[in-house]
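A note on names: the letters A, B, ... follow the listed sequences, proteins ahead of strands, and every chain is numbered from 1.
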Amino acid sequence: MSYWLMKSEPETFGIDHLDKLPNKITPWDGVRNYQARNYLKSMKKGDQAFFYHSSCKIPGITGIVEVVREAYPEKNQLGTPSWFCVDVKLIQKFSHIITLTDLRKMHDLDDMVILRKGNRLSVTPVDIKEWKVISRLLAQ
DNA sequence: GCCAACGTTGGC
DNA sequence: GCCAACGTTGGC
């Protein structure tokens, strides 16, 4: 089982949008970066991911989703499909956001992809140790 | 294949 | 709104 972090802009599609869907499942589409796409394609059913709000007032992790359908081509592509999506289901919506500032304070997370300078990938792998450190924050 | 120009992301 | 960082495009 692998762990991931997936970014979304809350004004476009935030965790509240997902929470309001009847089955709380959404295709994670619109990824237009080859590296991020390759990560999408390597996701397995049951993998979990942090739902991250970006480009907003308080960026940070707002919840946890789980992959319920592995990568399949996005609709409405001509010819050989280039872009793929997975379906994710909301597992947990946090009562409080874990802000980017919070994450930067945790030195166990210094190597986390999302915290590295210049990182812009919308889908990134999360190390199991990093996942646990962040989960521990939640338990507090 | 190189690289300049341009576009996008995303924190601040 | 600014700007650093990165990706993509396209001429050569």
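Note: the hydrophobic cluster containing A/V113 does not contain A/L103 (ILVMFWY, side chain heavy atoms under 4.5 Å, direct or indirect links). By the criterion of side-chain heavy atoms lying less than 4.5 angstrom apart, applied directly or through intervening Ile, Leu, Val, Met, Phe, Trp or Tyr residues, A/L100 is not grouped with A/I97; the two fall into different hydrophobic clusters.
Only A/Y52, A/S54, A/S55, A/P59, listed by number, bring a heavy atom of residues 52-65 of chain A to less than 4.0 angstrom from any atom of DNA chain B.
Among all heavy-atom pairs drawn from A/C56 and A/P59, the shortest one is O-CD, 3.6 Å.
Residue A/M6 belongs to a hydrophobic cluster whose other members are A/W4, A/F13, A/I15, A/L18, A/L21, A/W28, A/V31, A/Y39, A/L40, A/M43, A/F51, A/V65, A/V67, A/V86, A/V88, A/L90, A/L121, A/V123, with links defined by side-chain heavy atoms closer than 4.5 Å.
A/W83 has its CH2 atom 7 Å from the P atom of C/dT8, to the nearest Å. The separation between A/N119 atom CG and B/dT8 atom P is 19 Å, rounded to whole Å. In this structure, A/Q35 atom CD and B/dT9 atom C1' are separated by 14 Å, rounded to whole Å. Summarising the geometry, the separation between CE on A/M112 and P on B/dG11 is reported as 13 Å, rounded to the nearest angstrom. If you take CZ of A/R116 and C1' of B/dG10, they are 17 Å apart, rounded to a whole angstrom. When rounded to the nearest whole Å, the span between OH of A/Y34 and C1' of C/dC6 equals 16 Å. When the P atom of B/dG10 is taken as reference, atom CD1 of A/I114 falls 8 Å away, rounded to whole Å. A/R120 places its CZ atom 11 Å from the P atom of C/dA5, with the value rounded to the nearest Å.
Salt bridge status for A/K93 with A/D16: present, with a side-chain N to carboxylate O gap under 4.0 Å. Between A/D19 and A/K24 a salt bridge is recorded (basic side-chain N to carboxylate O distance below 4.0 Å).
Distance from the side chain of A/K117 is smallest to C/dA4 among C/dT8, B/dG7, C/dA4.
For A/K7, a side-chain nitrogen or oxygen approaches OP1 or OP2 of B/dG10 to under 4.0 Å.
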